[in-house]
Amino acid sequence: MEDAGKKLVTEGVDCKIPVTEAWIRKHRLLYDGATRHPFIRSIRDGSVDFSYFKRWLGQDYIFVRSFVPFVASTLVKSSKESGDGLDMEVILGGMASLNDEINWFKNEASKFHVSLTSVVPQKANIKYCRFLENLTSSEVEYPVAISVFWAIEVVYQESFAHCLEEGNLIPEELQGTCERWGNEGFGTYCKTLREIADRCLQKASPEVISKAEVAFLSVLEYEVDFWNMSIGEA
Ligand SMILES: Cc1ncc(CO)c(N)n1
């Protein structure tokens, strides 16, 4: 009896944890650093400096414009995968929401009097965009690309969903921003991306899995740098 019990536990540890779950556990501090950044906490508790928010808005518009070609390259990779074609549809849906997102940025920028045409990309943003550009290469494996895609989306989803949790004091003007990434639908979409990533990673070689883990860590680091830049600390 005792042995049987032990075996179950071992199996659970070795085989049952999805790869993305193992990564989050292993890199918890960095993950929390990206999803519970002081800038995000300041939105949640209402102490946010609007000049930081405006800086974030302008920089993120530039980021999202470079995110589109990366997502498109991931779409191309997914279309070459043997499978039921459902991955491609999920990514296509993601591209459609990026189209909405670009319009949302334009609208928001005009509300906050931020001129998007005169935003100068800052160092942390340039580096992040360059990282994405390098990942558009056809040499980059699909499991790596889809893991990065999921990681980028989930950082915003977790961050803004945290802002919306009970007891928040979000300034009225920023409620829409929090809902944009913190809403339930976006949460479901991120879960789907995560399932796709886990399915790909499960079939991938150890070499590809470690490349994907390194890329995942890079995303978390770039996200922390991006928030730091927004509050003027990078
Ligand atoms: C920097 C950054 N990371 C993630 C997202 C999610 O789309 C975004 N808009 N910007």
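These numbers come from a predicted model, not from an experiment. These values consider heavy atoms only, across backbone and side chains, with no hydrogens, waters or symmetry-generated copies. Along the sequence shown, residues carry numbers from 1.
- Two residues are said to be in side-chain contact when any heavy atoms from C-beta on lie closer than 4.5 Å; I146 and S78 fail this criterion.
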Checklist line | Criterion ring pair (Phe, Tyr, Trp, His ring centres under 6.0 Å) on Y31 and W23, from CA distance to verdict | finding: CA-CA 9 Å; Y31 188 81; W23 289 349; over 10 Å; no

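- Side-chain atoms of Q157 and E153 form no donor-acceptor pair, as typed in the model, at a separation below 3.5 Å.
- Side-chain atoms of R55 and S230 form no donor-acceptor pair, as typed in the model, at a separation below 3.5 Å.
- Using the six-membered ring where Trp is involved, W56 and W227 have ring planes that are parallel, under 30° apart on the 30 and 60° scheme.
- Inter-residue side-chain proximity for V154 and K191 is flagged as unmet; no heavy-atom pair is nearer than 4.5 Å.
- One finds the NZ atom of K211 at 7.5 Å from the OG atom of S205 (value rounded to the nearest 0.5 Å).
- Remark: the backbone N or O of N134 is not paired with any side-chain donor or acceptor of S137 at under 3.5 angstrom.
- Hydrophobic cluster membership is shared by F112 and I170, with clusters built from Ile, Leu, Val, Met, Phe, Trp and Tyr side chains linked at under 4.5 angstrom.
- Note that OG1 of T136 and CD of E133 are 6.0 Å apart. Values are rounded to the nearest 0.5 Å.
- For the atom pair SG (C129) and OH (Y222), the distance works out to 10.5 Å, reported to the nearest 0.5 Å.
- Scanning all heavy atoms of the two residues, the minimum distance from T74 to A145 falls at OG1-CB, 3.8 Å.
- Residues Y128 and V219 meet the side-chain proximity criterion, which asks for heavy atoms closer than 4.5 Å.
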Margin query: Assess the residue pair K123 and I126 against the criterion (side-chain contact (heavy atoms from CB on, under 4.5 Å)); give the C-alpha distance rounded to whole Å, side-chain angles, the decisive distance to 0.1 Å, and a yes or no.
Written below: CA-CA 5 Å; K123 215 159 108 193; I126 293 170; 5.6 Å; no

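- Among all heavy-atom pairs drawn from C163 and R44, the shortest one is O-NH1, 3.5 Å.
- Looking only at side-chain heavy atoms (C-beta outward), K106 and L116 come within less than 4.5 Å of each other.
- The two atoms that bring M88 and S79 nearest to each other are SD-CB, 3.6 Å, heavy atoms only.
- Between the R199 side chain and the R194 main chain, no donor and acceptor come within less than 3.5 Å of each other.
- Smallest separation of non-hydrogen atoms from V155 and A34: CG1-O, 3.6 Å.
- Remark: side-chain polar atoms of D198 are paired, donor with acceptor, to backbone N or O of T20 under 3.5 angstrom.
- Interatomic distance, L75 CG to I91 CD1, rounded to the nearest 0.5 Å: 6.0 Å.
- Salt bridge R28/D32: present, at least one basic N to carboxylate O contact under 4.0 Å.
- Transitive grouping of hydrophobic side chains (ILVMFWY, heavy atoms separated by less than 4.5 Å) brings M95 and L132 into a common cluster.
- Looking at T35 and H162, their side chains never come closer than 4.5 Å, going by heavy atoms from C-beta outward.
- Looking at N125, its side chain never comes within 3.5 Å of a backbone N or O of P121 through a donor-acceptor pair.
- No more than 12 heavy-atom neighbours from other residues, nucleotides or ligands sit within 6.0 angstrom of CZ on R130.
- Using a 4.5 Å heavy-atom threshold, the side chains of Y156 and E223 count as touching.
- By the 4.0 Å N-to-carboxylate-O rule, R25 lies close enough to E21 to be salt-bridged with it.
- Interatomic distance, CZ of F70 versus CG of L135, reported as 5.5 Å (0.5 Å rounding).
- Summarising the local packing, CD of E139 is surrounded by 12 or fewer heavy atoms from other residues, nucleotides or ligands at distances under 6.0 Å.
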Next item on the list: Dump the intermediate steps for side-chain contact (heavy atoms from CB on, under 4.5 Å) on L98 and F67, then the final yes or no.
Entry: CA-CA 9 Å; L98 283 173; F67 190 39; 3.8 Å; yes

Next item on the list: Evaluate the side-chain contact (heavy atoms from CB on, under 4.5 Å) criterion for residues Q59 and F226: first the C-alpha distance (whole Å), next the side-chain angles of each, then the deciding distance (0.1 Å), finally the verdict.
Entry: CA-CA 9 Å; Q59 294 296 320; F226 203 93; 3.9 Å; yes

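- F50 places a side-chain heavy atom less than 4.5 Å from the side chain of E173.
- Using cut-offs of 30° and 60° for the angle between ring planes, the Y189 and F186 rings count as tilted.
- Considering all non-hydrogen atoms of both residues, A215 and V148 come closest at CB-CG2, 3.5 Å.
- Distance alone, capped at 3.5 Å, is enough to place a donor-acceptor pair between the S97 side chain and the G93 backbone.
- Every residue two or more places apart in sequence or in another chain that forms a side-chain hydrogen bond (donor to acceptor under 3.5 Å, both in side chains) with E213 is listed here: K26, H27.
- Taking 4.5 Å as the limit, some side-chain heavy atom of T177 sits within range of a side-chain heavy atom of F53.
- Hydrophobic clustering (side-chain heavy atoms under 4.5 Å, transitive across Ile, Leu, Val, Met, Phe, Trp, Tyr) groups F149 together with L92.
- Here the NZ atom belonging to K111 is positioned 10.0 Å from the CG atom belonging to L57, to the nearest 0.5 angstrom.
- When every heavy atom of A204 is checked against every heavy atom of I209, the shortest pair comes out as O-CD1, 3.6 Å.
- Every residue two or more places apart in sequence or in another chain that forms a side-chain hydrogen bond (donor to acceptor under 3.5 Å, both in side chains) with Y142 is listed here: D87.
- Using a 4.5 Å cut-off between side-chain heavy atoms of Ile, Leu, Val, Met, Phe, Trp and Tyr, with links allowed through other members, L169 and F39 fall into different hydrophobic clusters.
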Next item on the list: Quick one: do W181 and S159 satisfy side-chain contact (heavy atoms from CB on, under 4.5 Å)? Show the steps, please.
Entry: CA-CA 8 Å; W181 287 280; S159 298; over 6 Å; no

